[in-house]
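Predicted model only: the values in this text are computed from it and were never measured.
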Amino acid sequence: MAKKRIGVHVGTAGGCFTAVQRAADAGANTFQIFSSSPRQWKAAPVKAEDAAKMREARARLDVGPVSIHASYLINLCSQTEAVRENSVEAFRGEMERALALGAEFLVLHPGSWKGLTREEGLRLAAQGIEWAIGGLPWQDRDFRILIENTAGAEFSLGGSFEQVAELVETLKACAPMGVCLDTCHTHVAGYDLVTTEGYEETMRQVGETMGFDAVKVWHCNDAKAPMGSKLDRHEHIGEGTIGAAAFKRLLHDPRFEHAAFIAETPVDDPGDEMRNVMALRALSAGS
């Protein structure tokens, strides 16, 4: 990726294809969307004409890669069988829509294993993903499922780099896998991104667990809560407990030259998407 890819999560009112222009209007050259309501199990399939419009707009505006964030309802390692069944079906729908739209990435939180053991949760999540993708035509696509690290809640699968790496390793034989790291989640889970020494120690752990090449997307979010608090509260870039200097360090880190940097920051006022994209662009400029 020759040009640094900096973007933002945008809405899809009027059709998924409208997100391309929204991203461009915000100064972004990559973006993330929900392919359907993130709080409903059922979703309509992508219309062929909408997929064609998205591809045309992306080519015309040079916007990509596209990341789709899977529904918040999906919990592939739930102790409840009905929830797992709904989750597998919903995740298959996410896969179908991502492939239809030509998205490069589908970001997934595997879920909570409360009531089970972590090992059981890992097994169920891997099994659910394998079932969900069975028979889908992803083999010849530039496409990956990205496991996102979480804020470190007690029963959340993916609260540590080791857990993310373990799930990716378990699944790579049956699915195209990668990693999405969230700056806020990383920070509140207890990994230091703020101090120079802490950043290098955190990156040493990234390298030794999942590996730098596996990290395809960084969700760039400042944090309202302190490091280690396990409270997932996003803040505008440079206005939280992570601070602008940490984002500048990350954006200039040559180990992530291949990655896309996508803000999931709050939208409190009109223009906030552009404000955060421009903040990231300014931090990425110069040395």
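Ser71 and Arg39 form no side-chain donor-acceptor contact under 3.5 Å, judged by distance and modelled atom types alone. Side-chain contact check for Asp182 and Asn221: at least one donor-acceptor pair (N or O, by modelled atom type) lies under 3.5 Å. Counting only N and O atoms by type, the side chains of Thr241 and Asp222 include no donor and acceptor under 3.5 Å apart.
Note that OG of Ser229 and NE2 of His187 are 7.0 Å apart. Values are rounded to the nearest 0.5 Å. Residue Glu85 holds its CD atom at 11.0 Å from OG1 of Thr80, rounded to the nearest 0.5 Å. With rounding to the nearest 0.5 Å, the separation of OG1 in Thr170 from CE in Met177 is 9.0 Å. A distance of 8.5 Å separates CE in Met278 from CD1 in Ile6, rounded to the nearest 0.5 Å. Note that CD1 of Ile237 and CG of Leu283 are 8.0 Å apart. Values are rounded to the nearest 0.5 Å. Phe34 CZ to Cys16 SG: the interatomic distance, rounded to the nearest 0.5 Å, is 12.0 Å.
Between Trp218 and Leu251, the closest side-chain pair of non-hydrogen atoms is not below 4.5 Å. The side-chain heavy atoms of Lys4 and Phe256, taken from C-beta on, include no pair separated by under 4.5 Å. Two residues are said to be in side-chain contact when any heavy atoms from C-beta on lie closer than 4.5 Å; His236 and Pro266 meet this criterion. Ile33 is listed as a side-chain neighbour of Ile68, based on a closest heavy-atom distance under 4.5 Å. Contact of the Leu76 side chain with the Pro110 side chain is not registered, since no non-hydrogen atoms from C-beta on lie closer than 4.5 Å. By the 4.5 Å heavy-atom criterion applied to side chains, Glu120 and Trp113 are not counted as neighbours. When side chains are defined from C-beta on, Asn149 counts as touching Val164, because their heavy atoms get closer than 4.5 Å. Between Val179 and Val168, some side-chain heavy-atom pair lies under the 4.5 Å cut-off.
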- request: Check the pair Thr202, Leu193 against side chain to side chain contact (heavy atoms under 4.5 Å, CB included), reporting the backbone distance first and the verdict last.
  value: CA-CA 7 Å; Thr202 295; Leu193 294 172; 4.0 Å; yes
task: Dump the intermediate steps for side chain to side chain contact (heavy atoms under 4.5 Å, CB included) on Leu157 and Ser112, then the final yes or no.
output: CA-CA 6 Å; Leu157 192 63; Ser112 170; over 6 Å; no
task: In sequence, state the C-alpha distance, the side-chain angles, and the governing distance for Thr265 and Glu235, and then conclude on side chain to side chain contact (heavy atoms under 4.5 Å, CB included).
output: CA-CA 6 Å; Thr265 39; Glu235 182 57 284; over 6 Å; no
task: Give the intermediate values and the outcome of side chain to side chain contact (heavy atoms under 4.5 Å, CB included) for residues Leu108 and Ile147.
output: CA-CA 5 Å; Leu108 173 68; Ile147 303 300; 4.2 Å; yes
field: Step-by-step salt bridge (charged side-chain N to carboxylate O under 4.0 Å, His left out) determination, Lys224 to Glu239
entry: CA-CA 8 Å; Lys224 292 181 184 292; Glu239 297 180 14; over 6 Å; no
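In this structure, Glu119 does not pair ionically with Arg123, as no charged nitrogen and carboxylate oxygen lie closer than 4.0 Å. With salt bridges taken as basic N to acidic carboxylate O contacts below 4.0 Å, one links Glu200 and Arg255. Using a 4.0 Å cut-off between charged nitrogen and carboxylate oxygen, Glu81 and Arg84 do not count as a salt-bridge pair. Salt bridge Arg22/Asp25: absent, no basic N to carboxylate O contact under 4.0 Å. Using a 4.0 Å cut-off between charged nitrogen and carboxylate oxygen, Asp269 and Arg275 do not count as a salt-bridge pair. Between Arg118 and Glu166, at least one side-chain N (NZ, or NE/NH1/NH2) sits under 4.0 Å from a carboxylate O, which counts as a salt bridge. The pair Glu56-Arg60 meets the salt-bridge criterion, with a side-chain N (NZ, NE, NH1 or NH2) lying under 4.0 Å from an Asp/Glu carboxylate O. The existence of a salt bridge linking Arg5 and Glu257 is excluded, since no basic side-chain nitrogen approaches an acidic carboxylate oxygen closer than 4.0 Å.
Looking at Thr12, its side chain never comes within 3.5 Å of a backbone N or O of Gly15 through a donor-acceptor pair. Judged by distance alone, the side chain of Thr195 and the main-chain N or O of Gly198 form a donor-acceptor pair under 3.5 Å. A donor-acceptor contact shorter than 3.5 Å is absent between the side chain of Asp50 and the backbone of Val46. At least one donor-acceptor pair under 3.5 Å links the side chain of Thr150 to the backbone N or O of Gly159. A donor-acceptor pair under 3.5 Å links the side-chain atoms of Gln163 to the main chain of Gly158, judged by distance alone. Counting only distance, with no hydrogens or angles, the side chain of Thr18 and the backbone of Ala13 share a donor-acceptor pair below 3.5 Å. Proximity of a side-chain donor or acceptor of Thr183 to a complementary backbone N or O of His219 within less than 3.5 Å is detected. Although no hydrogens or angles enter the test, the distance criterion places a donor-acceptor pair under 3.5 Å between the side chain of His258 and the main chain of Phe212. Side-chain atoms of Ser87 come within 3.5 Å of backbone N or O of Val83 as a donor-acceptor pair. Between the side chain of Ser78 and the main chain of Asn75, no donor-acceptor pair closer than 3.5 Å is present.
Partner of Arg92 under the salt bridge (Lys or Arg N to Asp or Glu O under 4.0 Å) criterion, chosen from Glu94, Glu96, Glu89: Glu96.
Phe247 is not connected to Met227 by any chain of hydrophobic side-chain contacts under 4.5 Å among Ile, Leu, Val, Met, Phe, Trp and Tyr, and they are in different clusters. Follow the hydrophobic side-chain contacts under 4.5 Å out from Val188 and you never reach Ile242; the two are in separate clusters.
When every heavy atom of Phe91 is checked against every heavy atom of Ala132, the shortest pair comes out as CD2-CB, 3.6 Å. For Glu264 against His234, the heavy-atom pair with the smallest separation is O-ND1, 3.1 Å. In terms of heavy atoms, Leu122 sits closest to Leu167 at CD1-CD1, 3.5 Å. Arg55 approaches Leu101 most closely through the heavy-atom pair NH2-C, 4.0 Å. Among all heavy-atom pairs drawn from Phe161 and Val206, the shortest one is CE1-CG2, 3.5 Å. The shortest non-hydrogen separation linking Ile133 to Ala175 is CD1-CB, 3.3 Å.
The environment of CD in Gln127 is crowded: more than 12 heavy-atom neighbours from other residues, nucleotides or ligands sit within 6.0 Å.
Checked against the 6.0 Å centroid criterion, the rings of His109 and His69 qualify as a close aromatic pair.
Relative to the six-membered ring of Tyr199, Arg249 meets both conditions, a distance below 6.0 Å and an angle of at most 45° to the axis.
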